[in-house]
Amino acid sequence: MDNAENTENMDNAEKLDFGKRNALETNLLVAMLVAAVTFAAAFTMPGGYKSDGPDQGLANLTAKVALKEFVIFDTTAISFSVIAVSLQLDTSQSYNAQIRYMNVGGICTSIAITGMELAFVFGMHVVLAKSIGLAITAYVMGGCLILSYHVVGFLDPGPAAVLSFHASTGLGDMFSICCFNME
């Protein structure tokens, strides 16, 4: 039995509970992935490490401002993702506490994702310092991604706007039959 069949047999309260549990699990998964990726990025420093001399083991590009920004945003990302994971684990014994802190965990995960994206952009800048065109491309694409992520989060059109868009493009009937079982 798949999820669609499971949700058809549930009443509204159970569907809401099922949706919240899925949201909690998804947030935990995303926060764990962000923590793992940013942890790995911290130890695979952009530009590598010095292999000899008195500064052996230190980052090659420590004097670069972009590397400092990379470290700041990578630290921000891992910190907020760890907060989100900790909230989930600390409240795991009480469903009411999980629901109460669900939005806080979601905000922390959102900040962590933004920090991870910014760390990536500044890491690209560090290693592409001699190719300013590629560095600018990383900034523009990263900025567009972050902007679209946050704008879409605030401008959720809902099903009515989606249906009117598809109706205006001629896809309304097919979209409503496939996605909303309307006739």
Side-chain angles (χ1 to χ4, degrees), residues 1-7 10 12-49 57-62 64 66-128 135 137-158 179:
M1 195 182 288
D2 63 356
N3 281 346
E5 292 174 7
N6 284 340
T7 56
M10 297 179 186
N12 287 339
E14 289 175 334
K15 284 182 184 177
L16 183 63
D17 185 52
F18 182 74
K20 286 181 180 179
R21 288 200 185 274
N22 280 343
L24 287 166
E25 291 172 5
T26 301
N27 187 39
L28 179 62
L29 175 68
V30 170
M32 290 290 288
L33 288 172
V34 170
V37 167
T38 55
F39 182 82
F43 291 104
T44 54
M45 194 66 60
Y49 296 97
L58 297 179
N60 282 328
L61 305 173
T62 306
K64 302 277 186 180
L67 182 70
K68 293 173 185 173
E69 293 165 341
F70 165 81
V71 170
I72 289 168
F73 286 116
D74 194 63
T75 303
T76 301
I78 196 166
S79 298
F80 278 96
S81 63
V82 167
I83 290 169
V85 169
S86 297
L87 278 173
Q88 294 276 342
L89 295 177
D90 290 345
T91 61
S92 64
Q93 299 300 318
S94 169
Y95 180 68
N96 290 333
Q98 281 183 323
I99 298 305
R100 184 178 21 205
Y101 289 104
M102 187 167 75
N103 289 338
V104 175
I107 290 168
C108 288
T109 303
S110 179
I111 292 169
I113 291 170
T114 303
M116 183 176 63
E117 175 63 25
L118 289 170
F120 173 79
V121 167
F122 286 112
M124 292 299 290
H125 181 195
V126 168
V127 297
L128 297 173
T137 302
Y139 278 114
V140 170
M141 290 179 71
C144 289
L145 177 69
I146 291 169
L147 184 64
S148 66
Y149 174 74
H150 290 289
V151 168
V152 169
F154 291 117
L155 300 177
D156 181 17
C179 299

Next on the checklist: Using the rule given for side-chain contact (heavy atoms from CB on, under 4.5 Å), can you reason through Arg21 versus Tyr95, listing the C-alpha separation, both sets of side-chain angles and the distance that settles it, and then say yes or no?
Outcome noted: CA-CA 9 Å; Arg21 288 200 185 274; Tyr95 180 68; 3.4 Å; yes
Checklist entry - With side chains defined as the heavy atoms from C-beta onward, is the minimum distance between Phe70 and Lys64 less than 4.5 Å? => result no
Next on the checklist: Given 3.5 Å as the limit, does a donor-acceptor pair link the side chain of Ser110 with the main chain of Gly106, or not?
Outcome noted: no
Checklist outcome for this item: Looking only at heavy atoms, the pair that brings Ala84 and Gly105 closest together is CB-O, 3.7 Å
Tell me which donor-acceptor pairs under 3.5 Å the side chains of residues 34-48 have, and how far apart each pair is, sequence neighbours excluded?
residue	atom	partner	partner atom	Å
Thr38	OG1	Val34	O	2.8
Thr38	OG1	Ala35	O	3.3
Thr44	OG1	Ala40	O	2.9

Checklist entry - With Thr75, which residues qualify under side-chain contact (heavy atoms from CB on, under 4.5 Å), at least two apart? => result Val71, Ser79
Checklist entry - Hey, mind stepping through Gln98 and Ser92 against side-chain contact (heavy atoms from CB on, under 4.5 Å) and telling me if it holds? => result CA-CA 6 Å; Gln98 281 183 323; Ser92 64; 4.1 Å; yes
Checklist entry - At what distance, to the nearest 0.5 angstrom, does CE of Met116 lie from OG1 of Thr76? => result 13.0 Å
Checklist entry - Pick from Thr114, Ile107, Thr109: which one makes a side-chain contact (heavy atoms from CB on, under 4.5 Å) with Ile111? => result Ile107
Checklist entry - Taking side chain as C-beta onward, heavy atoms only, is Leu28 less than 4.5 Å from Leu24? => result no
Checklist entry - When rounded to the nearest 0.5 angstrom, what is the spacing between CD1 in Ile83 and CD1 in Ile78? => result 11.5 Å
Checklist entry - For Ile113 and Glu117, what are the C-alpha separation, side-chain angles and deciding distance, and is it a side-chain contact (heavy atoms from CB on, under 4.5 Å)? => result CA-CA 6 Å; Ile113 291 170; Glu117 175 63 25; 5.7 Å; no
Item to check | For Met141, all residues meeting side-chain contact (heavy atoms from CB on, under 4.5 Å), sequence neighbours excluded | outcome: Thr137
Checklist entry - Are there more than 12 heavy atoms of other residues, nucleotides or ligands under 6.0 Å from atom OH of Tyr139? => result yes
Next on the checklist: Check the orientation of Phe73 and Phe122. Use parallel for under 30°, tilted for 30 to 60°, and perpendicular for over 60°.
Outcome noted: parallel
Checklist entry - Okay, side chain of Thr26, backbone of Ala23: is any donor-acceptor separation there less than 3.5 Å? => result no
Item to check | Whether Ser94 side chain and Thr91 backbone form a donor-acceptor pair below 3.5 Å | outcome: no
Next on the checklist: Taking CE in Met32 as the centre, count heavy atoms belonging to other residues, nucleotides or ligands within less than 6.0 Å. Is the count above 12?
Outcome noted: no
Item to check | Evaluation steps, side-chain contact (heavy atoms from CB on, under 4.5 Å), between Gln88 and Asn27 | outcome: CA-CA 9 Å; Gln88 294 276 342; Asn27 187 39; 3.3 Å; yes
Checklist entry - Taking all non-hydrogen atoms of both residues, which atom of Ala138 and which atom of Val121 are closest, and how far apart? => result O-CG2, 3.6 Å
